[in-house]
Amino acid sequence: QEPSPPPEFYKSRLADVDVAVKAVKKGNARVLVQSAGKRDIYLVTYGAKPEFKSRANYNSACGGIDPASYARKDGAQTPVVFLLGPVHGGEFEGIVGLINLMHVAENGKDLRGKAWQGLADNFAKCRVLIIPSGNPDGRARCKYDSWVGVEMSTYEPIEMGVKPDGQSYKWPGVKRVHPMRPGDYKSLGCYFNDDGVNLMHDEWFDPLAAETRAYLKLARAEAPDLIVSLHSHASSPSVEPTAYVPMTVKKTIKQFADGLYKRYADAGLPARKAGPEPKEDGAQFPPPSFNLCSALHHACGATAFVHESTLGLKTAPYPKMTHEQILDVQMLLYDELFRYAVTHPVKWVK
């Protein structure tokens, strides 16, 4: 079924990204890299880049028992926040949120006209890196602009793809074929770029995708404190654990998630009770994946994690949500994230 068109504030198309990027006045915008399908991937930056006096890459600095040799963070530096728009093309709620966030940065209000003064104030105290759409190939392949009121059976074949036998790929089985070659599908899902690469699960030591190289290189160059990879799923919004990162990072992820979930509950939105409990990875088989957020951490030392928004499907037992509520999930994420960045400065200098 085709849903009714989303409200004006719910902008997620690549054309909407183009318009938002062209409207940037207080920041700077450029093409970071081109996708496998030769589509522009934009980087929008706000705030001056801190001078970190880097003398080593993060890995070597940790080997030298001094992460500050990579980035001299003394607790007084400008916080750096990196927001990576959806690398799964059909999970476009993050694009909606980032376009609205850019509107707040420029005008103090989201596209509904709702003011976010605290968010705007904390945003202005940070160096901010925004990639509005992390996989424009997949987004271009998705003909829907909203999943509100849509059935899971409609969403899955579009997002995950269709097997040669006509059956839909489903999670997590969709990750058991990678990269997707033409013989692996009847219809390529929006998960993937045009080369069939799922950017969450690239080859980190020899990346298959130019997009992956660009995101890792950006993280290495900017030394962000916080990195959020924006995703969406059918259930309540969540902050996901990142595997193979230090226990200090896992504890920060839980602390942030606990605060965010309280914000969701207070706003009457679907909210989980507590963030992911820090635990050792690989205590049981099969082990968790070393995914894009794991790789981004090891490029720069950031607290990097996935935030899952909610799609708004009507299929039981998933939470039914309006476009307004989905945008609120996004905006409260950013409100809490920039508050956290400002009030929890990273200190690596001994």
Do any pairs count as a ring pair (Phe, Tyr, Trp, His ring centres under 6.0 Å) and have a residue in [range], sequence neighbours left out, and if so which ones?
range            : answer
residues 300-330 : Tyr10-His323, Phe256-Phe305
residues 59-85   : Tyr58-Tyr70
residues 219-239 : His88-His231

Exercise for the section: Please identify each residue that fulfils side-chain hydrogen bond (donor to acceptor under 3.5 Å, both in side chains) with Glu336, with sequence neighbours left out. Expected result: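 Applying side-chain hydrogen bond (donor to acceptor under 3.5 Å, both in side chains) to Glu336 gives Arg263, Arg339.
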Practice task
With sequence neighbours left out, write down each residue that passes side-chain hydrogen bond (donor to acceptor under 3.5 Å, both in side chains) with Asp202, or none if nothing qualifies.
Solution key: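 Once residues adjacent in sequence are excluded, the partners of Asp202 under the side-chain hydrogen bond (donor to acceptor under 3.5 Å, both in side chains) criterion are Thr212.
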Exercise for the section: Not counting sequence neighbours, which residues clear ring pair (Phe, Tyr, Trp, His ring centres under 6.0 Å) with Phe123? List them please. Expected result: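 So Phe123 forms a ring pair (Phe, Tyr, Trp, His ring centres under 6.0 Å) with Tyr46, Phe338.
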Exercise for the section: Quick one: list whatever passes ring pair (Phe, Tyr, Trp, His ring centres under 6.0 Å) with His178, sequence neighbours left out. Expected result: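 If we apply the ring pair (Phe, Tyr, Trp, His ring centres under 6.0 Å) test to His178, skipping adjacent residues, there are no hits.
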All pairs passing salt bridge (charged side-chain N to carboxylate O under 4.0 Å, His left out) where [range] contributes a residue, at least two apart:
range          : value
residues 32-47 : Arg39-Asp137, Arg39-Asp194
residues 51-68 : none
residues 12-29 : Arg13-Asp145

Practice task
With sequence neighbours excluded, tell me which residues meet side-chain contact (heavy atoms from CB on, under 4.5 Å) with Ala267.
Solution key: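 Testing Ala267 for side-chain contact (heavy atoms from CB on, under 4.5 Å), a comparison that skips the adjacent residues, returns Leu269, Leu332.
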Practice task
Could I get the full list of side-chain contact (heavy atoms from CB on, under 4.5 Å) partners for Ala76, not counting sequence neighbours?
Solution key: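 Asp74.
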Exercise for the section: Check whether any side-chain N or O of Gln77 sits under 3.5 Å from a backbone N or O of Gly75 as a donor-acceptor pair, and report yes or no. Expected result: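 Yes, Gln77 side chain to Gly75 backbone: donor-acceptor pair under 3.5 Å.
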Problem - Short side-chain to backbone donor-acceptor contact, Glu240 and Val306, under 3.5 Å - result: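 Absent.
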Exercise for the section: Indicate, with yes or no, if the rings of His298 and Phe290 have centres closer together than 6.0 Å. Expected result: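 Yes: the rings meet the under 6.0 Å criterion.
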Exercise for the section: Give, for atom OG of Ser229 and atom CG of Leu199, the distance between the pair rounded to the nearest 0.5 Å. Expected result: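 One gets 9.5 Å once the value is rounded to the nearest 0.5 Å.
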